[in-house]
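Working notes, structure below.
All values reported here derive from a predicted model rather than from experimental measurement.
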Amino acid sequence: MALSTRGKVATGRPSGGRGQAASSIAAGNLTTAAGSGLPLPRSELMSAGRSIVRCMRRVTAGTDPSAYTAADVTQLIGDAARIGALASILDPAAGLVSLAAAGTGANAEADSPGEVVERLRRDFGQLGYLQGVLDENLSQLDGQLAGLDGLPDGPAAVEVPELPADLAALSDEELRSARSAWAVRADVDFDALIQAQEEMNDLDDRRRNLGHQVDAISDLMARLDEAGTTLVPSHFGDTLCYGLGWHLAGDSTRMCGSLRESRAQARVSARPATIAAQTSPGALASSAAGPAATTPSPARPRGTPFAEWAAANKFEGGRLAILQSLAGLQRWCGFYDALTGTVQRQLVQLRAQADAASTARRLLSAELQRRALKASEKPASAS
C-alpha cells in the first residue's frame, strides 16, 4: 500500500520517474520535528511499520541480494520507497535526510537490490528511530498514551458561566458565583499544567540519558576488534541487552506499558530517597565539613572482554548485534521525541486554558473591588 499524498512537501532532492510519488507525500500540520500526530491513517502507519521490519530483517539476515527473486526485489523496492516517503514527512527537521534519500534512491532504475540494502544498512539506526516515531503515533491513535501524553488525569474542569461583555450586567450574587467558579477552574487548569510540565521534564531527562547511552555504545562498536578483546563495562552490557531486546521483541503497546511502569517506580523510589537525603545526619555533616577523607580502594577492572561478555550473556552477532542494539535504543529515541511533541501540544493548550481562566478570575475580582469601593463612597458623598 502506498502512503497517501495529501498536499506537497519540498524534500530538497530531485524527483522523477518512479520516485516522484515518494517525494510528494503530504506533510500536514506537524507539531514537532519528531512527527507527533502524523497526518496518516492507521492502516498506512501499520503498513509503513511492516516495511521497516522487513527491511531491517533483510539488512541483518546476511542473504545475498543477487539471489533475490523478482518478487523479493519488488517488495524490497516498495518497502524502501515507502520508508523514504515517510522519512520525507519528517525531513529535514528530524534529521532523516539520508534515510529519505535512501528510499528515494530505491526508485531509481540504476539502483540494484544490493545497493538498496547497503543504503539501508548504513541508516540502520535511523530505521529504528523512524520505527519509534511510528510506535508513538500508533499508540496515540489507539488511545494507549493516557497518563503519558500531558493530558490531565485529575478531576475534570468545572463548568463555568460565560462572561458577558459588560460585567456590570451581572448581579452581585452572580458576580461572586462566577468568580468562585472561575477560581476553581483556574486551580484545576494550573494543576494540569504543572503535571504536564513535570511529564515534559521527565521526558527531557530520559532523552538526555538515552543520548549518552547511544553515544557510548556507538563508541564501543567503533573500538570493537575482531578478537573481541575490547572491554565492555558492566553498565554498557546492560544497555546492550536492553537495546537488543527492544529491537527484537518490542512493540508500541509494550513501550507504553514499560514507560508507564518506569514512571510509577521512579515516583515511588524518589520520595524516600529525597527524604533520606534531606534528613540524613551524615549528609548534613558532610555538606558542612566538606568532602570526607577516603581510603584508596583496589583498582576495579574496567570491564569484561567483549567475547567473554557476549558468550556469558548469549549476545551473538558481534558488531551486527551491537548495531541492532543501537537500533533498539534509537527506537526509544524516536518514541520519546514524538511523545515530547504530543506533550508540547498539550502544554500549549493547557497554558492557554490556564491563562484564560486566570484572566477571567482577575476581571471578576476587579469588578467586585470596583463595586465595593463604589459602595463605600456613597455614605461619604451623602454627608
Side-chain angles (χ1 to χ4, degrees), residues 1-6 25-57 79 82-83 85-90 94 96 126-154 156 192 195-196 198-200 202-203 206-207 210 242-243 245-267 327-350:
M1 178 188 296
L3 297 176
S4 60
T5 54
R6 308 175 188 176
I25 189 167
N29 295 319
L30 296 184
T31 56
T32 66
S36 172
L38 287 172
L40 298 171
R42 189 180 190 280
S43 60
E44 294 186 6
L45 293 178
M46 290 291 292
S47 178
R50 288 191 291 269
S51 294
I52 292 175
V53 171
R54 283 193 295 263
C55 283
M56 295 180 94
R57 287 176 179 171
D79 287 341
R82 184 176 291 110
I83 291 169
L86 184 59
S88 295
I89 297 181
L90 308 175
L96 297 177
Q126 295 288 59
L127 284 171
Y129 181 91
L130 187 57
Q131 189 177 27
V133 173
L134 285 177
D135 286 327
E136 192 275 348
N137 277 269
L138 283 169
S139 298
Q140 188 180 76
L141 288 177
D142 293 343
Q144 296 175 345
L145 294 180
L148 303 174
D149 57 1
L151 280 174
D153 57 4
Q195 176 186 324
E198 290 174 350
E199 293 176 9
M200 177 65 79
D202 174 79
L203 280 175
R206 292 172 185 272
R207 294 164 71 204
L210 191 56
Y242 178 83
W246 281 108
H247 168 70
L248 296 175
D251 58 41
S252 59
T253 301
R254 290 183 180 179
M255 295 181 85
C256 287
S258 176
L259 177 56
R260 185 172 286 107
E261 181 180 357
S262 174
R263 278 187 174 175
Q265 292 176 347
R267 292 190 189 101
L329 296 181
Q330 291 283 17
R331 184 177 188 174
W332 272 111
C333 288
F335 188 92
Y336 284 153
D337 284 358
L339 183 56
T340 297
T342 298
V343 178
Q344 283 176 336
R345 184 168 54 199
Q346 299 301 340
L347 278 171
V348 171
Q349 180 178 346
L350 290 170

**Asked** Between Arg82 (side chain) and Glu44 (backbone), is there a donor-acceptor pair under 3.5 Å?
**Response** no

**Asked** What is the minimum heavy-atom distance between Ala249 and Arg254, and which atoms define it?
**Response** O-NH1, 2.7 Å

**Asked** Is it the case that Asp79 and Ser51 place a side-chain donor and acceptor less than 3.5 Å from each other?
**Response** yes

**Request:** Output the distance between atom CZ (Arg57) and atom CD1 (Ile52), rounded to the nearest 0.5 Å.
**Result:** 12.5 Å

**Prompt:** Is there a side-chain contact between Leu86 and Leu38, using heavy atoms and a 4.5 Å cut-off?
**Reply:** yes

**Request:** Would you check if Arg263 and Leu148 make a side-chain contact, meaning some heavy-atom pair closer than 4.5 Å?
**Result:** yes

**Prompt:** Counting N and O atoms only, with roles assigned by atom type, does the side chain of Arg42 sit under 3.5 Å from a partner on the main chain of Asp142, one being a donor and the other an acceptor?
**Reply:** no

**Side-chain donor or acceptor of Arg331 paired with backbone N/O of Trp246 under 3.5 Å** = yes

**Prompt:** Less than 4.5 Å apart, any side-chain heavy atom of Gln344 and any of Met200?
**Reply:** yes

**Item:** Sub-4.5 Å side-chain heavy-atom contact between Val53 and Gln131
**Value:** yes

**Asked** Of all heavy-atom pairs between Gln195 and Leu151, which one has the smallest distance, and what is that distance?
**Response** NE2-O, 3.9 Å

**Prompt:** If only atom types and distance count, is the side chain of Glu199 paired as donor or acceptor with the main-chain N or O of Gly150 below 3.5 Å?
**Reply:** yes

**Prompt:** Measuring from Arg207:CZ to Asp337:CG, what's the distance to the nearest 0.5 Å?
**Reply:** 4.5 Å

**Asked** Considering only heavy atoms from C-beta outward, does the side chain of Leu40 approach that of Asn137 to under 4.5 Å?
**Response** no

**Message:** Nearest 0.5 Å, please: how far is CE in Met255 from CZ in Phe335?
**Reply:** 5.5 Å

**Main-chain N/O of Asp135 paired to Ser139 side chain as donor or acceptor, under 3.5 Å** = yes

**Asked** Which pair of heavy atoms, one from Ala196 and one from Leu350, lies closest together, and at what distance?
**Response** CB-CD1, 3.7 Å

**Asked** Quick one: does Gln144's side chain get under 4.5 Å of Ser252's, heavy atoms only?
**Response** yes

**Closest contact, heavy atoms only, Gly128 versus Met56** = N-CE, 3.9 Å

**Request:** Only counting residues at least two apart or in another chain, list the ones meeting side-chain contact (heavy atoms from CB on, under 4.5 Å) with Gln140.
**Result:** Ser36, Glu136, Leu145, Thr342, Arg345

**Atom pair CD1 (Ile83) and SG (Cys55), whose distance is rounded to the nearest 0.5 Å** = 3.5 Å

**Message:** If I take atom CE from residue Met46 and atom CG from residue Leu134, how far apart are they, to the nearest 0.5 angstrom?
**Reply:** 10.0 Å

**Asked** Short question: side chain of Ser262, backbone of Ser258 - any donor-acceptor pair under 3.5 Å?
**Response** no

